[in-house]
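Since the structure comes first, as structure tokens, the remarks are kept for the end.
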Number of protein chains: 2
Amino acid sequence: MSEPLAKTRAKPTSKEEILDAAERLFARCGFDGASMREIAQLAGVAQALLHYHFRTKEGLFEAMFARRSGAINRIRLARLDTMIARGGLTVEEIVDSLLRPTVEAGYDPTRGGHYFANLILTTGASNNPWAQGLIAASYDAMAKRYIEALRMALPDLSLADATWGYLFIIGSALTQMAPTGRADRLSDGATSDRNTEALLSRAAIFAAAGLRAFAATRPASPEAETPTP
Amino acid sequence: MSEPLAKTRAKPTSKEEILDAAERLFARCGFDGASMREIAQLAGVAQALLHYHFRTKEGLFEAMFARRSGAINRIRLARLDTMIARGGLTVEEIVDSLLRPTVEAGYDPTRGGHYFANLILTTGASNNPWAQGLIAASYDAMAKRYIEALRMALPDLSLADATWGYLFIIGSALTQMAPTGRADRLSDGATSDRNTEALLSRAAIFAAAGLRAFAATRPASPEAETPTP
DNA sequence: GTCTATAGTTCGATAGAC
DNA sequence: GTCTATCGAACTATAGAC
């Protein structure tokens with residue numbers, strides 16, 4: 001609905017080109033590592049135009065982040081709604097619908113490869129309230145729907161376990177989406193992190209088994225233990 | 001052995017104070033977000049002293065990173081060696097020995113809370129070769145030993161599956177080590193990410209079940225599929 | 001909407017005294 | 001080893017013409 005990522009194949013407006021350039025550079029270098037100058041140069045416009053459209057660097061980052069996360073979340077929830085309406089939810093397909101849109105939308109090979117997954121990771125790992133607020137605003141509503149869906153597929157799953165499970169799924173896959181060659185190196189070439197299907201299929205198997213183990217471990221969840229602040 | 005994190009309780013040298021301050025600020029703000037000025041101020045020394053000891057900002061970052069990652073890895077491998085010598089390895093205890101040292105060493109409440117896990121995450125998510133090289137130099141050798149250990153505990157695990165399993169374990173736990181309050185929010189208070197025991201015990205259950213599912217899925221791993229470059 | 005030009009700040013790094 | 005002082009470059013943001 002609102003603000004599609006690419007309305008048509010017609011030539012993009014300069015505002016869209018700025019967002020494209022910002023996404024690429026922010027994903028590569030992080031918020032502090034990318035400069036407004038570089039973004040303007042990559043977009044082929046004057047630096048002042050970025051401030052005209054988005055006022056500040058934070059404003060540009062927010063607009064860029066909202067555009068991409070919104071597009072990915074719409075695909076996720078559309079798939080989830082379809083699966084729920086159809087009935088007979090499995091954990092594996094829930095996980096796939098959660099991860100695949102990020103792999104496919106967040107990695108655009110025609111533009112030289114920029115990885116939105118890294119952006120989510122570094123934003124979430126930032127200790128400042130603005131970044132945390134961005135994550136919450138962009139993802140909490142969707143996350144709650146997925147946690148709910150996991151409990152529909154696995155009725156024995158407690159809310160606490162489903163929450164940790166959701167966070168583990170996100171964390172395990174998001175950290176592996178950018179192909180760094182590390183999996184290749186650690187496995188002596190037996191597998192590759194460029195193989196996104198290997199990642200997605202294994203993530204689904206791994207997560208589904210983990211969640212079923214949570215559901216099987218009904219009693220005595222460790223919530224009563226003292227926090228370690 | 002070489003360069004313990006805190007030799008004694010005597011007052012730290014100014015070089016150590018610089019490393020402490022650097023770790024805290026780099027973890028909070030990332031490499032680009034923290035400045036040499038702030039670090040010097042937090043350490044209580046002149047900015048020029050940082051350049052005297054470490055030459056450049058990159059040099060300081062590398063020294064800080066090596067000190068902490070080395071300390072954590074020595075604890076990990078000591079525990080792993082002990083368990084292997086004892087015999088009867090379980091996946092759960094392997095996972096615990098991998099994750100607990102980071103939780104305990106990377107989170108120092110007496111200093112106001114700084115999270116080394118976030119630093120690993122943002123460094124690993126950086127697309128530049130220097131950062132990737134740092135990760136490789138600091139962690140690849142240890143990672144290979146853990147992948148080997150996982151296959152000792154689960155002999156049916158292929159090298160490829162063990163590698164993905166290791167990466168999933170690291171990714172799922174590392175992203176949850178800094179208490180952001182997100183688990184609390186998503187679970188409506190049913191659990192808390194300040195509860196590190198809840199994290200560690202669930203990570204072990206989740207990962208062990210995932211790895212056993214890999215070991216049970218012997219044939220036809222999806223390695224033959226075409227990469228998605 | 002888009003540009004040029006620039007103000008004002010902050011950064012990493014160095015020179016040189018002690 | 002540790003300091004003060006400062007250079008030169010890069011940054012975000014704005015003013016103002018078109």
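In the text below, chain A, chain B and the rest are named by the order of the sequence lines, each starting its count at 1. Side-chain atoms are counted along with the backbone in the values below, which use heavy atoms only and exclude waters and symmetry mates. From a predicted model like this one, the values you see are computed outputs, not experimental measurements.
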Spacing of A:Ile39 atom CD1 relative to D:dC11 atom P, expressed in whole Å: 11 Å
Sugar-phosphate only, base, or nothing, as touched by A:Ala40 at under 4.0 Å among non-hydrogen atoms: nothing
Rounded interatomic separation in angstrom, taking CD from A:Glu16 and C1' from C:dG1: 15 Å
A:Phe206 side chain near A:Phe168 side chain, heavy-atom distance below 4.5 Å: no
Pairs where residues 43-55 of chain B contributes a residue and the test salt bridge (Lys or Arg N to Asp or Glu O under 4.0 Å) is met, not counting sequence neighbours: none
Pairing residues for A:Asp140 by the salt bridge (Lys or Arg N to Asp or Glu O under 4.0 Å) criterion, not counting sequence neighbours: B:Arg182, B:Arg185
Salt bridge (Lys or Arg N to Asp or Glu O under 4.0 Å) pairs, two or more places apart, involving residues 56-65 of chain B: none
Separation of D:dA5 P from B:Leu49 CG (nearest whole Å): 17 Å
Euclidean distance, atom CG of residue A:Asp32 to atom P of D:dA10 [Å, nearest integer]: 18 Å
Within residues 32-43 of chain B or reaching into it, pairs that qualify as side chain to side chain donor-acceptor pair (under 3.5 Å) - sequence neighbours excluded: B:Ser35-B:Glu38
Pairs touching residues 116-126 of chain A that satisfy side chain to side chain donor-acceptor pair (under 3.5 Å), sequence neighbours left out: A:Asn118-B:Asn127, A:Ser126-A:Asn128
Footprint string (nucleotides 13-18 of chain C, 5' to 3'): B base within contact, S backbone only, - free, heavy atoms under 4.0 Å: BBB---
Under 4.0 angstrom between B:Ser14 side-chain N/O and D:dG1 OP1 or OP2: no
